[in-house]
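Below is one structure, written out as structure tokens, with a few remarks after it.
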Amino acid sequence: MPEPAVAPRTVPLAAYTTLKVGGPAELWEVEDLAGLREATSAPFRVIGGGSNLLVADAGVPERVVRLGRSFNDVRAWDGSPDVWLGAATPLPGLVRRAQRAGLSGLEGLLGVPAVLGGAVAMNAGTRFGEMSDTLREVELFVDGALERVPASALDLAYRRAELPPGAIVTRARLRLTPSTPEAVQRYMDRVDAAREGQPKVKSAGCAFKNPPGESAGRLIDLAGLKGRRVGDAMVALEHGNFVLNLGAATAADVLALVEEVRAELAARGTTLELEWRLWGF
Ligand code: FAD
Ligand code: EPU
């Protein structure tokens, strides 16, 4: 009998999300193609940094696939501007290393606590820049095999990437622009300043996408909803589009709160679409 490529364990997904809510699932941490094949031989979901997820208190019945250390290339990267990087590479480290190497293109993503695969899957960004600015190609695991796809095939738009059904981003090819560490740092300072008003405690970033030309956070603020609570879930006082877990929030609390906010805004004529991905509801 061959050794199994990956050993699953049942874990609380709260530990794998930035919001720190969510029940159990079978976690399959994979390091190679054999592991990917084995882990995806039954229904699955894929988790990155867990920074855009609201996972139900009952967890999820599907396997949860997570790319392991061998997909983290933050240290292996030699600073060349055209580079393939593993999808488990943490974005904060990448942004920092690019700055040190004097490479421009990622600095707008300062403060996004994702891993590369999740940032590609969401086309993460800020008004200072998004993943699509530098993404040239992705390596996908689909139907048991790896394939390379140009970024132009992913229909990247505001917080959107069209991946083939069931695809796992395993690596991404980025093309950065030579600049200087000082110039990149200056731009990062501006991004940092723009994020100053965002809360630092447990959250999953903005709950809702911005309606065209508007800030959902500003509208939620204008509606007087900051500080609104359900259990230990609270609309942040600093920014209306952040929902915080004050400590003991459940996923049910968080969901009830975002639905209240959505209903209040709907009553004022604004339709809000969730940016978060909901699992298990
Ligand atoms: P996860 O949350 O784990 O997953 C998100 C989705 O991507 C899921 O559907 C998942 O299945 C899918 N996915 C993950 N990895 C892969 C993969 N390898 N292959 C295929 N699909 C995959 N977002 C912004 O865009 N801009 C911001 O400024 C921003 N600021 C934030 C600030 C804070 C404090 C926090 C907590 C979040 C913020 N976010 C922001 C939200 C979040 O960081 C982004 O949505 C990010 O892209 C999520 O990446 P992740 O790796 O955490 O993915
Ligand atoms: N504002 C308020 N009250 C609030 C929040 C915002 O008046 O409670 C005002 C601000 O003063 C500012 C304007 O609204 O004049 C825009 O606010 P901000 O700069 O915070 O930008 P945003 O549109 O609310 C977006 C992204 C963030 C990203 C920032 C910075 C979305 C949904 N949100 O927020 O992304 O970090 O810009 O570029 O697109 C995320 O997606 O998770 C996220 C955090």
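First listed ligand is number 1; within each ligand, the first listed atom is number 1. In what follows, every heavy atom counts, from backbone to side chain, and hydrogens, waters and symmetry copies are set aside. The structure presented is a predicted model; accordingly, all values stated were derived computationally and were not measured.
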Does an N or O anywhere in Val112 fall below 3.5 Å from an N or O of ligand 1? no
Among protein heavy atoms, which sits nearest to atom 29 (C) of ligand 1, and what does the distance come to when rounded to 0.1 Å? Arg195 NH2, 3.6 Å
For Glu238, is at least one N or O under 3.5 Å away from an N or O on ligand 2? no
Which option out of Ser215, Gly240, Ala204, Ala194 puts a heavy atom nearest to atom 16 (C) of ligand 2? Ser215
For Gly205, counting its heavy atoms only, list the atoms of ligand 2 lying under 4.0 Å from any of them. 42 (O)
Identity and distance of the protein heavy atom lying nearest atom 32 (C) of ligand 2: Phe208 O, 3.1 Å
So, regarding Asn123 and ligand 1 (criterion: nitrogen or oxygen to nitrogen or oxygen, under 3.5 Å), is there a contact or not? no
List the closest protein heavy-atom neighbour of atom 7 (O) of ligand 2: residue, atom name, distance to the nearest 0.1 Å. Arg218 CG, 3.4 Å
For atom 41 (C) of ligand 1, find the nearest protein heavy atom and state the residue, atom name and distance (0.1 Å precision). Ser51 O, 3.6 Å
Going by the atom numbers of ligand 2, which of them fall below 4.0 Å from some non-hydrogen atom of Arg195? 36 (O)
Which atoms from ligand 2 have a heavy atom of Tyr158 less than 4.0 Å away? 31 (C), 32 (C), 39 (O)
Would you mind checking which non-hydrogen protein atom is closest to atom 20 (O) of ligand 2, with the distance to 0.1 Å? His239 NE2, 2.9 Å
Polar-atom distance check: Leu67 versus ligand 1, any N or O pair below 3.5 Å? no
Top protein contact for atom 27 (C) of ligand 2, by heavy-atom distance: Arg159 NH2, 3.8 Å
Answer yes or no: does an N/O atom from Val46 fall short of 3.5 Å to an N/O atom of ligand 1? yes
Under 4.0 Å from atom 44 (C) of ligand 2, is there at least one protein heavy atom? yes
Phe242 N/O to ligand 1 N/O under 3.5 Å: no
Identity and separation of the nearest protein heavy atom to atom 28 (C) of ligand 2: Gln198 NE2, 3.7 Å
Looking only at N/O atoms, are Val115 and ligand 1 under 3.5 Å apart anywhere? yes
May I ask you to check whether Glu214 has an N/O atom sitting below 3.5 Å from an N/O atom of ligand 2? no
Among Ala87, Gly49, Ala167, closest by any non-hydrogen atom to atom 50 (P) of ligand 1: Gly49
Name the closest protein heavy atom to atom 25 (C) of ligand 2, giving the residue it belongs to and the distance to 0.1 Å. Asn210 ND2, 4.0 Å
Any nitrogen or oxygen of Gly111, side chain or backbone, less than 3.5 Å from one on ligand 1? no
N/O of Gly125 under 3.5 Å from N/O of ligand 1, yes or no? yes
Quick one: look up the protein heavy atom nearest atom 19 (O) of ligand 2 and list residue, atom name and how far away it is. Arg127 NH1, 3.0 Å
Nitrogen or oxygen of Lys226 less than 3.5 angstrom from that of ligand 2: yes
Would you say ligand 2 has an N or O under 3.5 Å from any N or O of Cys206? yes
So for ligand 2, is Lys209 a polar contact partner (N or O within less than 3.5 Å, distance only)? no
Taking only heavy atoms of Asp221 into account, list the atoms of ligand 2 that are under 4.0 Å away from them. 2 (C), 3 (N), 4 (C), 7 (O), 8 (O)
Before signing off on this row, confirm whether Gln198 and ligand 1 have an N or O atom pair separated by under 3.5 Å. no
Near Asn241 (heavy-atom distance under 4.0 Å), the atoms of ligand 2 are 32 (C)
